[in-house]
Amino acid sequence: MNFIILDLEATCWQGNAMGRNPEIIELGAYRVNGYREWIDHFQAFIKPVQHPRLSTYCTDLTGITQEQVSKAKTFEHVFQLFEDWYYNIEGAHLLCTWGAKDMELISDECARHDQDFAFLPECIDLKAQYAMMHRLPKEVGLIKALEYTEIEFEGAHHRAIDDAFNTAKLFLHYLDRWQF
């Protein structure tokens, strides 16, 4: 079984962002397997089209620059590349994210760009499962979960590829305890 650990970053604004729908600006994913092997990864920046200029808040939070997204391909192109990558290894695949928000963002982007969302199977919400597994009163963020598990965060928080990497480390740590 192959597990795809996915994370996204999206446009964001400080305070009230009424009328602004977030657009994905980075997609990061790692493929690992049931033998705890790291297979490969996928990373791409995505050019936002509704609000092409990143807010200062967004750049400060993610470290993603205007130049990186301006040079990037649009969602339709990147999502096709991701689908090709997703299926470039035969066998069963299971998609996992830290929370439900990433799948909502993908669904919204697919609707906005008239893309087929059907290739993505059901997704495992690791954040919800982690809270249940540890009998926590509420879900916790990735950084807190890593701290509880005594796994050091590597990279830059709020960068999709780094958050996906660290989520994959946590996923593999508890591989035998997740509910599939």
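It should be emphasised that the depicted structure is a prediction, and the values quoted were computed from it without experimental measurement. Residue numbers start at 1 and run along the sequence shown.
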| query | If Ile, Leu, Val, Met, Phe, Trp and Tyr residues are connected whenever their side-chain heavy atoms lie under 4.5 Å apart, and connections chain through other members, are I64 and F75 in the same group? | reply | no
| Salt bridge present between R36 and D176 (N-O < 4.0 angstrom) | yes
| request: Would you please indicate yes or no on a ring centroid separation below 6.0 angstrom for H134 and Y148? | output: no
| task | Specify the closest pair of heavy atoms between A160 and G28, including all atoms of both residues, with the distance to one decimal. | result | CB-N, 3.6 Å
| request: Please name all residues satisfying side-chain hydrogen bond (donor to acceptor under 3.5 Å, both in side chains) with T65, sequence neighbours left out, ordered by chain then number. | output: Q68
| query | Quick one: do E26 and R159 make a salt bridge, cutoff under 4.0 Å? | reply | yes
| said: Looking at L126, is its backbone amide N or carbonyl O close enough to the side chain of W178 to form a donor-acceptor pair, meaning the two atoms are under 3.5 Å apart? | reply: no
| query | Below 4.5 Å, heavy atoms only, C-beta onward: do L6 and L95 meet side chain to side chain? | reply | yes
| message | Go through it in stages, so that I can follow the logic: the residues are Y86 and H93, the test is side-chain contact (heavy atoms from CB on, under 4.5 Å), and I'd like the CA-CA distance, side-chain angles, deciding distance and then a yes or no. | response | CA-CA 8 Å; Y86 187 91; H93 293 74; 3.5 Å; yes
| Rounded distance (nearest 0.5 Å) linking atom CD1 of I46 with atom CG of L8 | 7.5 Å
| So if you build clusters from Ile, Leu, Val, Met, Phe, Trp, Tyr with side-chain heavy-atom gaps below 4.5 Å, do L172 and I89 land together? | no
| said: Can you confirm whether or not the ring centre of W13 sits under 6.0 Å from the ring centre of Y57? | reply: no
| task | Taking all heavy atoms of L105 and all of A10, pick out the closest pair and write down the distance. | result | CD1-CB, 4.0 Å
| field | CG (D84) with more than 12 external heavy atoms under 6.0 Å | value | yes
| Would you find more than 12 non-hydrogen atoms of other residues, nucleotides or ligands less than 6.0 Å from R112 atom CZ? | yes
| query | For the hydrophobic clusters of this structure (ILVMFWY residues joined by side-chain heavy atoms under 4.5 Å, transitively), does one cluster hold both W85 and I5? | reply | no
| note | Of all heavy-atom pairs linking G141 and W98, the shortest is C-NE1, 3.5 Å
| If we only count heavy atoms from C-beta on, is the C96 to T167 side-chain gap below 4.5 Å? | no
| said: Please check if the number of heavy atoms outside Q50 that lie under 6.0 Å from its CD is greater than 12. | reply: yes
| query | Does the side chain of V69 come within less than 4.5 Å of P48's, by heavy atoms? | reply | yes
| request: Would you indicate whether the side-chain heavy atoms of Q115 and Q80 approach each other to under 4.5 Å? | output: no
| task | Mind running side-chain contact (heavy atoms from CB on, under 4.5 Å) on E152 and L146 for me, showing each step along the way? | result | CA-CA 7 Å; E152 188 175 333; L146 289 164; over 6 Å; no
| So do L94 and M1 actually touch side chain to side chain, heavy atoms under 4.5 Å? | yes
| Presence of salt bridge, K47 and E23, under 4.0 angstrom | no
| message | Hydrophobic cluster membership, with links at side-chain heavy-atom distances under 4.5 Å among I/L/V/M/F/W/Y: are Y30 and F42 in one? | response | no
| query | Looking only at atom types and distance, does a side-chain atom of K73 sit under 3.5 Å from a main-chain N or O of F45, one as donor and one as acceptor? | reply | no
| CD of E37: more than 12 outside heavy atoms within 6.0 angstrom? | yes
| Would L170 and N166 count as a side-chain contact (heavy atoms from CB on, under 4.5 Å) if you check the C-alpha gap in whole Å, the side-chain angles of each, and the deciding distance to 0.1 Å? | CA-CA 6 Å; L170 189 65; N166 287 282; over 6 Å; no
| task | Consider only side-chain heavy atoms of I, L, V, M, F, W and Y, link residues closer than 4.5 Å, and tell whether I4 and I39 are in one cluster. | result | no
| request: Return yes if some donor-acceptor pair links the side-chain N/O of D163 with the main-chain N/O of H158 below 3.5 Å, else return no. | output: yes
| query | Do F180 and F3 have ring centroids that are under 6.0 Å from one another? | reply | yes
| Modelled atom types, side-chain donor and acceptor of D162 and H157, under 3.5 Å | no
| task | If a pair satisfies side chain to side chain donor-acceptor pair (under 3.5 Å) and one of its residues is in residues 124-133, list it, with sequence neighbours excluded. | result | Y130-T149
| Worked check of side-chain contact (heavy atoms from CB on, under 4.5 Å) between V78 and T74 | CA-CA 6 Å; V78 172; T74 59; over 6 Å; no
| Going by heavy atoms in the side chains, are N88 and R31 under 4.5 Å from each other? | yes
| said: Test your reading of the model: is there a side-chain donor-acceptor pair from E109 to the backbone of I24, 3.5 Å cut-off? | reply: yes
| When you check the side-chain N and O atoms of W38 and N33, is any donor under 3.5 Å from an acceptor? | no
